[in-house]
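Notes to accompany the following structure.
The figures here come from the full heavy-atom set of this structure, side chains too, leaving out hydrogens, waters and symmetry mates.
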Amino acid sequence: MSDQRADRFAKLEKLRQLGIDPYGGRFPGVSTNQTIRTAAETLDISAGQILGPVAAPGEPSAVVDGRVAHRAAGRVVLHRDIGSLIFITVRDQTGDLQWGVSRKMVESALAVSAGDAGEARLHAGEAAWKLAKLLDLGDLVGCEGRLGRTKTGELTLWATHLTLLSKCLRPPPEKFHGLQDVEARYRRRYVDLLSNVESREVFLKRAAIINYARKVLHERGFVEVDTPVLQPIYGGAAARPFTTHHNALDMKLYLRISPELYLKRCLVGGLERVFEFARCFRNEGISPRHNPEFTMLELYQAYGDYHDMMEITEAIIAGAARDVIGSYRIRFGEREIDYTPPWPRRRYGDLFAEHAGIAMADTAAIRARARELYTRKQISVDEAKADDAVVISALFEHYVEPHLVNPMFVVDYPAPLCPLTKRHPSEPGLALRFEAYVNGMEMGNAYSELNDPVVQQETLTAQLRGEGDETMAVMDEDFVEALEYAMPPAGGLGIGIDRLCMLLTGSESIRDVLLFPLQRPR
RNA sequence: GAGGGCGUAGCUCAGUUGGCAGAGCAACGGCCUUUUAAGCCGUGGGUCCUGGGUUCGAGUCCCAGCGCCCUCACCA
């Protein structure tokens with residue numbers, strides 16, 4: 001055991017001998033630091049002043065009718081002991097607040113009668129003073145006190161009563177730099193969260209972004225559903241799945257790679273506007289933009305098409321930028337990205353011609369260029385082994401994607417890339433699909449959904465033939481049968497929530513927006 | 001899977017040409033009633049990621065392994 005940990009265990013005993021329970025209990029009536037700060041703004045507290053009189057201990061705190069006693073709680077992040085006066089900076093979820101503990105003040109405070117069983121006991125007098133002296137960085141503490149300001153004007157809660165809510169037995173990271181080691185931040189996220197305010201902010205923003213998207217969808221009449229994560233047949237994307245096994249049924253199961261085929265069954269059943277925040281799993285490489293499990297928002301709107309999906313995409317992403325982050329313009333790395341809607345719509349073929357310098361119909365020239373790039377190892381697709389659409393897609397990634405920095409809808413994809421999409425009515429080689437690109441990254445993917453069961457059967461069969469190895473999906477006969485009961489024409493959309501959170505929080509790695517990213521065991 | 005980088009005190013980091021393992025914060029003891037990463041005096045704290053090797057001598061050089069990060073590959 002480290003010396004510091006041993007010291008803290010020794011303090012546990014010392015506290016118990018003083019009659020202080022190191023693990024507290026219920027502590028009702030706590031105001032957040034944010035609430036206290038806001039309340040203080042409406043009070044005219046001058047430097048050096050401490051407000052009074054003290055409210056009856058145990059009453060819920062709030063500034064009402066001039067009453068100024070507050071209960072606060074949080075983690076000790078700074079502890080400055082000046083002899084008979086101690087300043088403690090206490091952090092809660094909403095921010096930091098300075099507490100002041102004056103020996104004279106706590107020792108003259110009246111003792112509090114014990115509350116309910118299970119309620120943390122507020123200490124006054126000598127016990128409170130000794131507790132304040134013994135506090136360690138990282139301890140969770142509660143207090144009741146009076147608002148004031150120090151000589152330098154710092155808002156301070158002057159404690160009359162103190163309680164220890166939970167003793168911290170390990171030293172927290174350095175108070176100024178926090179936890180910097182990337183591996184430690186991922187493996188022990190709790191330490192990262194408690195010491196790095198910026199990290200906590202990222203996850204609070206993530207929650208706000210998801211709430212915002214949910215609100216947009218509820219306003220449009222969408223219903224949130226939950227579909228299976230464990231699937232006997234996987235589909236809806238081209239990716240390698242994780243496999244597992246159900247013992248009682250003695251059955252092989254897959255963790256879903258996409259919720260798509262189940263959400264479409266919902267459409268058939270008359271759930272006309274559905275969405276799901278779907279945790280998906282893909283057994284593939286890990287990178288700053290790929291995690292084995294990730295969250296996809298997927299939604300379907302009956303009687304709509306991909307144009308409706310563009311409007312929703314803008315509403316969610318640009319709206320979250322504006323309402324959660326506070327601006328349509330957000331820095332990401334060296335760049336500033338402008339989310340102001342409406343975003344430009346550009347045809348896939350036009351972008352291809354513009355950046356690759358070849359018409360999409362000029363198959364010979366495309367193959368020649370692909371061969372050249374493959375030889376120079378600039379693309380990974382061997383044109384000799386790939387069909388036209390795959391080669392075009394590889395060139396598109398190489399030439400076009402890096403230019404798509406500000407949000408853009410790329411529309412009308414080559415049909416062979418989109419087996420679940422309706423064909424363009426006047427150009428059968430194209431599909432009614434868009435992808436939303438931001439910062440060269442694919443952020444959203446939407447279709448006018450294919451609802452012709454016969455065509456669907458054909459395209460899925462073709463896809464089965466096309467792929468050889470384990471990425472090959474098994475034909476989902478039940479899905480095609482569902483389409484035969486008539487699925488409404490619909491727009492469908494998928495948005496990568498983790499990537500959206502990366503962009504809006506300025507996080508350059510997906511692991512920085514995942515609380516507990518996968519790590520090999522140590 | 002390939003290449004590159006990193007791994008030193010609880011944390012943040014130095015460590016020169018291979019020559020006694022360092023600082024700040026944190027901890028411990030002492031002083032201090034208005035601090036702001038408080039300050040001052042004093043003290044303790046190391047599997048230098050692991051295992052081999054070279055050398056009189058390895059944190060440092062070599063080999064192997066483990067973990068993390070980045071690039072590439074993979075990847076709707």
Side-chain angles (χ1 to χ4, degrees), chain A residues 1-8 10-11 47-50 77-89 96 98-106 129 136-138 148-156 158 168-188 191-192 195-196 235-240 257-258 260 280 282-292 294 296 377-381 389-390 393-394 396-397 413 416-421 433 435 442 444-447 463 467 469 471 494 496 508-509 511-512 517-522:
Chain A
M1 193 188 303
S2 74
D3 290 351
Q4 297 204 32
R5 196 151 157 259
D7 287 340
R8 286 172 180 240
K11 274 189 190 175
Q49 187 186 4
I50 301 175
V77 293
L78 296 171
H79 187 260
R80 297 179 288 277
D81 185 340
I82 327 268
S84 299
L85 188 63
I86 300 171
F87 291 101
I88 308 166
T89 301
D96 294 355
Q98 175 168 281
W99 297 359
V101 185
S102 154
R103 179 168 199 167
K104 218 176 254 177
M105 195 185 299
V106 293
W129 178 246
D136 284 317
L137 297 181
R149 287 190 187 280
T150 61
K151 284 179 184 168
T152 52
E154 176 83 12
L155 181 67
T156 300
W158 289 98
C168 180
L169 292 171
R170 289 177 186 264
E174 207 238 8
K175 62 190 179 187
F176 189 58
H177 297 93
L179 187 63
Q180 294 298 316
D181 181 73
V182 176
E183 183 177 354
R185 288 183 50 225
Y186 296 157
R187 284 190 194 277
R188 294 189 299 180
V191 181
D192 178 41
S195 68
N196 297 332
R240 290 158 69 181
I257 58 173
S258 156
E260 175 156 354
C280 298
R282 297 187 181 177
N283 202 344
E284 287 164 355
I286 296 177
S287 85
R289 277 160 294 280
H290 299 81
N291 195 67
F294 62 101
M296 173 120 82
K377 296 190 186 297
Q378 294 189 338
I379 62 171
S380 58
V381 171
V390 172
S393 174
F396 186 91
E397 279 174 32
Y413 273 64
L417 296 172
C418 323
L420 298 162
T421 315
R433 169 189 187 182
E435 285 200 7
E442 184 194 326
N445 186 12
Y447 309 145
Q463 194 189 30
E467 307 280 346
D469 50 45
T471 68
E508 302 208 36
S509 170
R511 293 178 215 104
D512 292 326
L518 185 66
Q519 304 272 284
R520 292 179 123 101
R522 280 267 245 194

Pair A/Arg433, A/Asn445 - check side chain to side chain donor-acceptor pair (under 3.5 Å), show working. CA-CA 7 Å; A/Arg433 169 189 187 182; A/Asn445 186 12; 3.0 Å; yes
Rounded to whole Å, OH of A/Tyr413 lies from C1' of B/A76 at a distance of 10 Å
Below 4.0 Å: OP1/OP2 of B/A38 and any side-chain N or O of A/Lys151: no
Picking from B/C32, B/A27, B/U36, the nucleotide nearest the side-chain atoms of A/Ile82 would be B/C32
Could you check how far CD1 of A/Ile50 sits from P of B/U33, rounded to whole Å? 15 Å
Please work out if A/Ser84 contacts a base, only the sugar-phosphate, or nothing of the nucleic acid, heavy-atom cut-off 4.0 Å. base
For B/A27, the nucleotide meeting Watson-Crick or G-U wobble distances (both under 3.5 Å) is B/U43
Determine whether a donor-acceptor pair (one donor, one acceptor, N or O, separation below 3.5 Å) exists between the side chain of A/Thr89 and the base of B/U36. no
Quick one: label A/Pro517 by what it contacts on the DNA or RNA (base, sugar-phosphate, nothing), any heavy atom closer than 4.0 Å. nothing
NZ of A/Lys11 versus C1' of B/A27: gap in Å, rounded? 9 Å
Whole-Å distance separating the CZ atom of A/Phe87 from the P atom of B/A38: 12 Å
At what distance, to the nearest 0.5 angstrom, does CD of A/Glu397 lie from OG of A/Ser380? 7.5 Å
Need one value for A/Asp181: base, sugar-phosphate or nothing, where a base atom within 4.0 Å counts as base even if backbone is also close, heavy atoms only. sugar-phosphate
What is the per-nucleotide protein-contact pattern of nucleotides 64-72 of chain B, from the 5' end, where B denotes a base atom under 4.0 Å from a protein heavy atom, S denotes such proximity for sugar-phosphate atoms only, and - denotes neither? ---SSSSS-
Whom does B/G67 pair with, Watson-Crick or G-U wobble, provided both distances fall under 3.5 Å? B/C6
Side-chain N or O of A/Arg80 versus OP1/OP2 of B/U35: is the shortest distance under 4.0 Å? no
Can you tell me, in whole Å, how much space there is between the C1' of B/C40 and that of B/G22? 22 Å
Would you call the rings of A/Phe87 and A/Trp158 parallel, tilted or perpendicular if under 30° counts as parallel and over 60° as perpendicular? perpendicular
Using the C1' atoms only, state how far B/C48 lies from B/G10, rounded to an integer number of Å. 16 Å
Which one is paired to B/C74, where only Watson-Crick or G-U wobble pairs with both distances under 3.5 angstrom count? none
Could you measure between the two C1' atoms, the one in B/U12 and the one in B/A26, and give it in whole Å? 11 Å
Can any side-chain N or O of A/Asn196 pair as donor or acceptor with the backbone N or O of A/Leu179 at less than 3.5 Å? yes
Would a distance-only check, ignoring hydrogens and angles, find a side-chain to backbone donor-acceptor pair under 3.5 Å from A/Ser287 to A/Arg289? yes
Closer than 3.5 angstrom, by distance alone: can the side chain of A/Thr152 be matched with the main-chain N or O of A/Thr150 as a donor-acceptor pair? no
A/Asp136 CG to B/C25 P, straight-line distance once rounded to whole Å: 17 Å
In whole angstroms, how far is the P atom of B/A27 from the CG atom of A/Asp7? 9 Å
In whole Å, what separates the P atom of B/A38 from that of B/U8? 26 Å
Side-chain donor or acceptor of A/Glu154 under 3.5 Å from a matching atom on the base of B/U35? no
Is there, by distance only and without an angle test, a donor paired with an acceptor across the side chain of A/Thr150 and the base of B/U35 below 3.5 Å? yes
Which of these nucleotides, B/U34, B/U33, B/C28, is closest to any side-chain atom of A/Trp158? B/U34
How far, in whole Å, is B/U60 from B/U54 if one measures between their P atoms? 15 Å
Touch class at under 4.0 angstrom, heavy-atom based, for A/Tyr447 against every strand present: base
Gap in Å between the two P atoms, one belonging to B/A37 and one to B/U16, rounded: 33 Å
Report yes or no: is there a donor-acceptor pair, N or O only, under 3.5 Å between the side chain of A/His290 and the base of B/C75? yes
Taking the same atom, P, in B/G7 and in B/C13, what whole-Å distance lies between them? 11 Å
Residue A/Glu174, side-chain heavy atoms: nucleotide from B/G45, B/C11, B/U33 that is nearest: B/C11
Using a cut-off of 4.0 Å on non-hydrogen atoms, how would the nucleic acid contact of A/Gln180 be classed: base, sugar-phosphate, or nothing? sugar-phosphate
B/C74 and B/G5, which share atom name P, separated by this distance in whole Å: 24 Å
Would A/Arg80 and A/Gln98 satisfy side chain to side chain donor-acceptor pair (under 3.5 Å), going step by step from the backbone distance to the final call? CA-CA 11 Å; A/Arg80 297 179 288 277; A/Gln98 175 168 281; 2.7 Å; yes
Which nucleotide sits closest to the side chain of A/His177: B/A76, B/A26, B/U12? B/U12
Short side-chain donor-acceptor distance under 3.5 Å, A/His177 and A/Gln180: no
Between A/Glu260 (side chain only) and A/Gly235 (backbone N and O only), is there a donor and an acceptor less than 3.5 Å apart? no
Short side-chain N/O contact to B/C74 OP1/OP2 from A/Ser380, under 4.0 Å: yes
Taking any heavy-atom pair under 4.0 Å as a contact, classify A/Gly494: base, sugar-phosphate, or nothing. nothing
Complement of B/C61, any strand, by Watson-Crick or G-U distances under 3.5 angstrom: B/G53
Report the nucleotide, chosen from B/A73, B/A38, B/G24, that has the shortest atom-to-atom distance to any side-chain atom of A/Lys175. B/A38
Please give, in whole Å, the distance from B/C25 C1' to A/Leu179 CG? 14 Å
Return the nucleotide paired to B/U17: Watson-Crick means purine N1 to pyrimidine N3 with N6-O4 or O6-N4, wobble means G-U with N1-O2 and O6-N3, both under 3.5 Å. none
Send over the distance from A/Asn196 CG to B/C11 P, rounded to a whole Å. 13 Å
State whether the side chain of A/Arg282 and the backbone N or O of A/Ile257 hold a donor-acceptor pair below 3.5 Å, judged by distance alone. yes
Ranking A/Leu137 and A/Leu78 by the position along RNA chain B of their nearest nucleotide, the one closer to 5' is A/Leu137
Answer yes or no: is there a donor N or O on one side and an acceptor on the other, between the side chain of A/Arg8 and the main chain of A/Cys168, under 3.5 Å? yes
